[in-house]
Amino acid sequence: MITVTYASCTPFTGATVHWDTWDGTSSAPTSIEYDALEHTANVWLGSADLTVGTDYSITTNTLTNAGSISPTITGIGTYSGSISSGTTLTITKAPLTITADNKTKQYRDVVPTLTASYSGFKGSETYTVLTAPPVLSTSANQDANVGNYPITISGATATNYTITHINGQLTITQRVMKDNTVDFATVTVTPDHFDADGSAHEPSITIVDASDGNRTLTLTTDYTIGKTGTYVNVGSPDFTAPDIYNFIN
């Protein structure tokens with residue numbers, strides 16, 4: 001006589017699907033933030049995690065990028081039935097902040113290359129994972145006056161990040177015509193002196209900035225002088241030597 005014994009199967013009633021490992025007590029982790037790591041769907045039943053391939057099969061059980069999976073889980077071995085509802089597991093996008101770097105330039109210098117800084121990349125990821133790079137711009141150009149100008153930033157996109165753009169600032173400072181050791185501008189006074197003759201005289205002043213392509217500066221726009229007007233020597237004129245010096249360059 002042949003005796004057939006049927007092994008009892010445990011149905012998936014009450015099974016819980018979760019990301020990675022779980023202690024069975026806290027809320028089952030079904031939604032996690034992107035961290036550049038691969039995550040695995042697991043099934044908990046009773047008091048322990050079941051083993052894929054031994055206790056159940058699953059249509060898809062891993063995910064790395066932001067998104068969701070909704071696998072169908074079918075019991076094998078001592079487990080029976082299948083579950084396909086309530087199995088959705090999600091990886092949400094991580095926050096990423098892109099900030100336009102502040103820049104400084106002197107008046108009439110070219111606008112420096114606009115750059116950005118990043119905060120929030122996961123793992124070893126860098127800006128190369130962006131699906132579209134940030135667009136940086138400023139209204140200031142080489143001729144813009146001294147002052148502060150916003151550097152706007154926008155347009156960056158990424159598969160796994162929710163991006164926040166933060167604007168920066170371009171500061172334009174006064175142009176330096178002379179530092180402690182170097183004259184960047186040449187001042188020419190024509191003539192550089194007058195012989196006193198009792199008449200009023202006013203020199204012609206030309207200032208050329210060698211550090212800006214020998215550009216001739218414009219009075220009141222680019223510079224002012226501390227003393228203007230005409231000059232008359234008071235007293236007996238001396239026609240053998242210059243008596244009125246208007247500038248010392």
Side-chain angles (χ1 to χ4, degrees), residues 93-194 200-231 244-249:
K93 291 186 176 185
L96 175 67
T97 301
I98 306 179
T99 304
D101 297 328
N102 293 330
K103 299 289 183 176
T104 301
K105 81 176 191 74
Q106 288 189 38
Y107 170 67
R108 285 287 305 166
D109 283 348
V110 297
V111 176
T113 300
L114 303 180
T115 57
S117 299
Y118 302 84
S119 176
F121 281 122
K122 301 298 181 180
S124 60
E125 292 185 338
T126 66
Y127 66 89
T128 58
V129 303
L130 298 177
T131 52
V135 177
L136 297 102
S137 62
T138 179
S139 61
N141 55 26
Q142 184 176 7
D143 296 322
N145 291 326
V146 170
N148 296 318
Y149 299 81
I151 300 173
T152 60
I153 180 170
S154 62
T157 60
T159 299
N160 295 311
Y161 295 93
T162 299
I163 297 175
T164 299
H165 299 90
I166 299 178
N167 292 340
Q169 179 174 276
L170 172 64
T171 300
I172 301 178
T173 61
Q174 290 181 314
R175 192 169 186 83
V176 175
M177 295 203 299
K178 178 183 178 67
D179 63 16
N180 293 332
T181 58
V182 179
D183 286 323
F184 299 104
T186 301
V187 181
T188 303
V189 180
T190 306
D192 61 359
H193 71 276
F194 294 101
H201 298 279
E202 183 174 5
S204 173
I205 303 169
T206 303
I207 302 178
V208 176
D209 186 355
S211 66
D212 187 18
N214 291 321
R215 185 175 68 92
T216 300
L217 306 190
T218 303
L219 180 64
T220 70
T221 299
D222 297 323
Y223 69 94
T224 60
I225 56 177
K227 187 175 183 180
T228 60
T230 57
Y231 306 91
I244 302 176
Y245 289 87
N246 296 289
F247 289 89
I248 299 175
N249 182 26

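To the nearest 0.5 Å, atoms CD1 (Ile98) and OG1 (Thr164) are separated by 9.0 Å. Summarising the geometry, atom OG1 belonging to Thr186 is positioned 10.0 Å from atom CD1 belonging to Ile207; distances are rounded to the nearest 0.5 Å. Taking OH of Tyr127 as the start and CG of Leu96 as the end, the distance is 14.0 Å to the nearest 0.5 Å. Atom CG of Leu114 and atom CG of Leu170 lie 7.5 Å apart (nearest 0.5 Å).
Ile166 has its side chain within reach of Thr97: a pair of non-hydrogen atoms, C-beta onward, lies under 4.5 Å apart. Side-chain atoms of Tyr107 and Asp222, non-hydrogen and from C-beta on, do get closer than 4.5 Å to each other. Residues Asn145 and Ile172 form no side-chain contact, since every pair of their non-hydrogen atoms from C-beta on lies 4.5 Å or further apart. Put simply, the side chain of Ile205 reaches to within 4.5 Å of the side chain of Val187, judged on heavy atoms. Residues Met177 and Asp209 are not in side-chain contact: their nearest non-hydrogen atoms beyond the backbone lie 4.5 Å or more apart. In this structure the side chain of Thr190 never reaches within 4.5 angstrom of the side chain of Thr206, judged on heavy atoms. By the 4.5 Å heavy-atom criterion applied to side chains, Lys103 and Thr113 are not counted as neighbours. In this structure, the side chains of Asn167 and Ile153 come closer than 4.5 Å at one or more pairs of heavy atoms.
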Derivation and outcome, side-chain hydrogen bond (donor to acceptor under 3.5 Å, both in side chains), residues Ser117 and Thr99:
CA-CA 5 Å; Ser117 299; Thr99 304; over 6 Å; no

Given side-chain hydrogen bond (donor to acceptor under 3.5 Å, both in side chains), test Asn148 with Thr171 step by step and report yes or no.
CA-CA 5 Å; Asn148 296 318; Thr171 300; 3.1 Å; yes

Please lay out, stage by stage, how Asp109 and Arg175 fare under the test side chain to side chain contact (heavy atoms under 4.5 Å, CB included).
CA-CA 8 Å; Asp109 283 348; Arg175 192 169 186 83; 2.8 Å; yes

In sequence, state the C-alpha distance, the side-chain angles, and the governing distance for Thr173 and Thr104, and then conclude on side chain to side chain contact (heavy atoms under 4.5 Å, CB included).
CA-CA 7 Å; Thr173 61; Thr104 301; 4.0 Å; yes

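Closest non-hydrogen pair, Ile151 versus Leu136, comes out as CG2-CD2, 4.3 Å. In this structure, Gly155 and Ala132 approach most closely via the heavy-atom pair O-CB, 3.8 Å. Heavy-atom minimum distance, Pro112 versus Lys105: CD-CD, 3.9 Å. Across all non-hydrogen atoms, the minimal contact from Leu130 to Pro134 is CD1-CD, 3.9 Å.
Remark: side-chain polar atoms of Gln106 are paired, donor with acceptor, to backbone N or O of Val176 under 3.5 angstrom. Counting only distance, with no hydrogens or angles, the side chain of Thr138 and the backbone of Pro150 share a donor-acceptor pair below 3.5 Å. Put simply, the side chain of Asn102 never gets that close to the backbone of Gly168: no donor and acceptor are under 3.5 Å apart. Not a single donor-acceptor pair under 3.5 Å links the side chain of Asn160 to the backbone N or O of Lys93.
Remark: Asp212 engages Arg108, Arg215 in a salt bridge (charged side-chain N to carboxylate O under 4.0 Å, His left out) (not counting sequence neighbours).
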Distance-only donor-acceptor hits, side chain of residues 118-125, under 3.5 Å, sequence neighbours excluded:
residue : atom : partner : partner atom : Å
Glu125  : OE1  : Tyr34   : OH           : 3.3
Glu125  : OE1  : Tyr161  : OH           : 2.5
Glu125  : OE2  : Tyr34   : OH           : 2.5

